[in-house]
Amino acid sequence: MTQYRLYIAGDDVDAASGATFDAFNPTTGETWATHALADAEDVDRAVRAAAAAFESEAWRSLSPTRRGRLMMRWADLIGERAEEIARVEVADNGKLYKEMLAQLRVIPDWLYYFGGLADKVEGRVIPLDRTSVLNYTLREPLGVVGIIIPWNSPVLLTMYSLAPALAAGNTVVVKPSEHASASVLETLRLAAEVGFPPGVLNVVTGEREAGEALVEHAAVAKISFTGSEQTGAAIAAKAGARLAPVALELGGKSPNIVFPDAALDAAEAGVLAGIFAAGGQSCVAGSRALFHREIHDELLERVQQRAAGVVLGDPMDDATQMGPIANVPQLARVEQMVEAARTGGARIVTGGARASVEAFPQGLWYGPTILDGVGNDAPIAQDEVFGPVLTVLPFATEEEAIAIANDTRFGLASGVWTRDVKRAHRVARALRSGTVWINTYRAITFNSPFGGVKESGFGRVNGAEAIDGYLQTKSVWTELSDEVSDPFVMKV
């Protein structure tokens, strides 16, 4: 049984109360680790450590170039430890080892990219009408940044916010999900080995109380949250009450649109990847498949056959295609939503129930599920399931496809499958979502911006613009002349 503690000011420490909570392996159904249960006192300790580090000579005296090099050395170490961190992540959330390992091997790219960007942050000289004044801007870090992340890809999602925040010169307190905290601790603790000053990176593990304490702490300059839209709205309200900015990467109900001229083999694979990869436990899951009526029956049959043959099993086994649902509350949500859809008239094309894996009878298994025969106004087509559940919706025209795709309160991602290049870009412009994939799906990288519109959140991670969200601009005015002006008239 592995015992994890809080990580504050460069040390592993117990919670002030001494309380702990269990880490549950969704594959085996067994407890595999324990964590310190942070409360408001522990969060205050972590924030104070981050604030002290932000003001410390050890951090503030680092040039942007040296700060970037430090990030790159940390990236190298993460790459060296990728296999062991990936195994920890699988134990926590049940996602496939081959996917977690692939993520851990590219996660260093975020630190390389933003580390390289650290010394590209520049102010500018403003050409004022008053030529006797030198006016220039400085772009400065905010201070302590609080990062709250979910359980589906803990280290990757942490890096989305942490890498630009560090590059900008901030310090950080991370609150991972209580359902998957271990890999974040394992990763952030490595930073000390390459020379990060104590307190620059901190991790508090716990439940809602810890998250709320971080959001409400007066010394936290900004909150970056990834998770559900309901929690995001509550966080925005709490942070807004003390005028603290937030970045929100929230849920989705992403459409995957297949036109009749699409390459059906590729589209079939794209629909499968969009919803059954990672067991549908992805914010960009293509959970609404829009099939043109000309190909609806054929493509639905093809996807049904593939879904029925998806191999469930040990996520550490390369032959496994889908692991378990990550935790008990999420499995209950999936079951409840599918049952409500069935009661509401949806036709279960395949799946629609818990599954079993002989080797892991206590695992949280749910079969790949396809629903048909409901309209886009049905709750199953409007609410995020966050599980392996696909709702198929037919359309007849390009205009109808766009209308159905946009008829949702979310706007995170979309997929378009067509050989018609004009249509592809026409539809991409018309879709109200932060990302549009054409003839591909579920592709994300460190240097392309990512984020949502509508209730999918605001702000962007990844790409050069991400660092802007962790900087503030200071305007500096210097009078160069010896002229004494009228003290009772504003200088304009």
Side-chain angles (χ1 to χ4, degrees), residues 5-17 36 38-64 66-68 70-71 74 114 118 121 138-149 158-159 161-176 181 184-185 187-192 194-206 209-225 235-236 238-247 459 467-474:
R5 304 162 81 190
L6 310 178
Y7 184 66
I8 298 175
D11 291 323
D12 295 315
V13 297
D14 292 325
S17 67
D39 60 16
E41 181 180 348
D42 299 304
V43 170
D44 179 65
R45 193 168 26 150
V47 172
R48 289 178 182 275
F54 180 73
E55 298 295 344
S56 71
E57 185 68 16
W59 185 243
R60 294 186 73 87
S61 67
L62 272 181
S63 70
R66 297 302 161 194
R67 186 167 63 243
L70 203 58
M71 292 172 65
W74 184 26
F114 285 101
V121 174
L138 299 172
R139 302 180 73 201
E140 300 179 334
L142 304 175
V144 178
V145 173
I147 299 174
I148 303 174
I149 55 164
T158 297
M159 233 19 106
S161 300
L162 186 150
L166 282 183
N170 300 281
T171 57
V172 172
V173 178
V174 180
K175 193 277 175 188
S181 299
V184 175
L185 280 162
T187 303
L188 268 65
R189 285 162 58 194
L190 294 179
V194 299
F196 271 84
V200 172
L201 298 168
N202 307 272
V203 184
V204 288
T205 55
E209 180 183 357
E212 289 181 344
L214 186 59
V215 170
E216 294 172 354
H217 201 293
V220 174
K222 180 173 182 172
I223 292 290
S224 175
F225 171 75
I235 285 173
K238 287 180 181 294
R242 61 180 185 84
L243 302 180
V246 297
I467 199 172
D468 293 336
Y470 297 96
L471 293 162
Q472 54 195 343
T473 301
K474 177 185 289 180

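Keep in mind that the numbers below use all heavy atoms, side chains included, and drop hydrogens, waters and symmetry copies. Note that the numbering runs from 1 along the sequence shown for the chain.
- Within the 4.5 Å cutoff, the side chain of Val204 has no heavy atoms near those of the Val174 side chain.
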Stepwise side-chain contact (heavy atoms from CB on, under 4.5 Å) check, Val215 with Val246: CA-CA 9 Å; Val215 170; Val246 297; over 6 Å; no
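- Of all non-hydrogen atoms in Ala38 and Ala210, the two that sit nearest each other are O-CB, 3.8 Å.
- Taking both residues in full, the closest heavy atoms of Asp14 and Arg45 are given as O-NH2, 3.1 Å, listed atom of the first, atom of the second, then distance.
- Annotation: the span from Leu166 atom CG to Leu70 atom CG amounts to 9.0 Å, rounded to 0.5 Å.
- Taking OH of Tyr470 as the reference point, atom OG of Ser161 lies at 3.5 Å (rounded to 0.5 Å).
- Under a cut-off of 6.0 angstrom, the local environment of CZ in Arg5 is crowded, with over 12 non-hydrogen atoms contributed by other residues, nucleotides or ligands.
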Worked check of side-chain contact (heavy atoms from CB on, under 4.5 Å) between Ile467 and Val121: CA-CA 9 Å; Ile467 199 172; Val121 174; 3.6 Å; yes
Worked check of side-chain contact (heavy atoms from CB on, under 4.5 Å) between Leu138 and Thr473: CA-CA 6 Å; Leu138 299 172; Thr473 301; over 6 Å; no
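- When all heavy atoms of Gly169 and Phe54 are compared, the closest pair comes out as O-CE1, 3.5 Å.
- Listed for the Lys175 side chain is a donor-acceptor partner under 3.5 Å among the backbone atoms of Gly206.
- The shortest non-hydrogen separation linking Gly469 to Leu142 is O-CD1, 3.7 Å.
- Put simply, the side chain of Asn170 never gets that close to the backbone of Pro141: no donor and acceptor are under 3.5 Å apart.
- Closest approach of Ile147 to Thr158, counting heavy atoms only: CD1-O, 4.5 Å.
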Worked verdict on Leu188 versus Trp74 for side-chain contact (heavy atoms from CB on, under 4.5 Å): CA-CA 9 Å; Leu188 268 65; Trp74 184 26; 4.2 Å; yes
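- Under the 3.5 Å distance criterion, the side-chain polar atoms of Thr205 are matched with a main-chain donor or acceptor of Ala36.
- In this view, Asp39 satisfies the salt bridge (Lys or Arg N to Asp or Glu O under 4.0 Å) rule with no residue, not counting sequence neighbours.
- Taking the side chain as every heavy atom from C-beta outward, Val173 and Val144 approach each other to under 4.5 Å.
- Here the CD-CZ distance, from Glu216 to Arg242, works out to 8.5 Å after rounding to the nearest 0.5 Å.
- The two atoms that bring Val220 and Gly146 nearest to each other are CG1-N, 3.7 Å, heavy atoms only.
- Taking CG of Asp12 as the reference point, atom CG of Leu185 lies at 7.5 Å (rounded to 0.5 Å).
- The CZ atom of Arg67 sits 10.0 Å away from atom CZ of Arg60, with the distance rounded to the nearest 0.5 Å.
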Report, one line per pair, each donor and acceptor closer than 3.5 Å where one atom sits in a side chain of residues 195-203; sequence neighbours left out.
from   : atom 1 : to     : atom 2 : distance (Å)
Asn202 : OD1    : Ala9   : N      : 2.9
Asn202 : ND2    : Val172 : O      : 3.1
Asn202 : ND2    : Gly199 : O      : 2.7

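- Note that the NE2 atom of His217 and the CG atom of Asp44 stand 4.0 Å from one another [nearest 0.5 Å].
- Using a 4.5 Å heavy-atom cutoff, the side chains of Val145 and Thr171 are not in contact.
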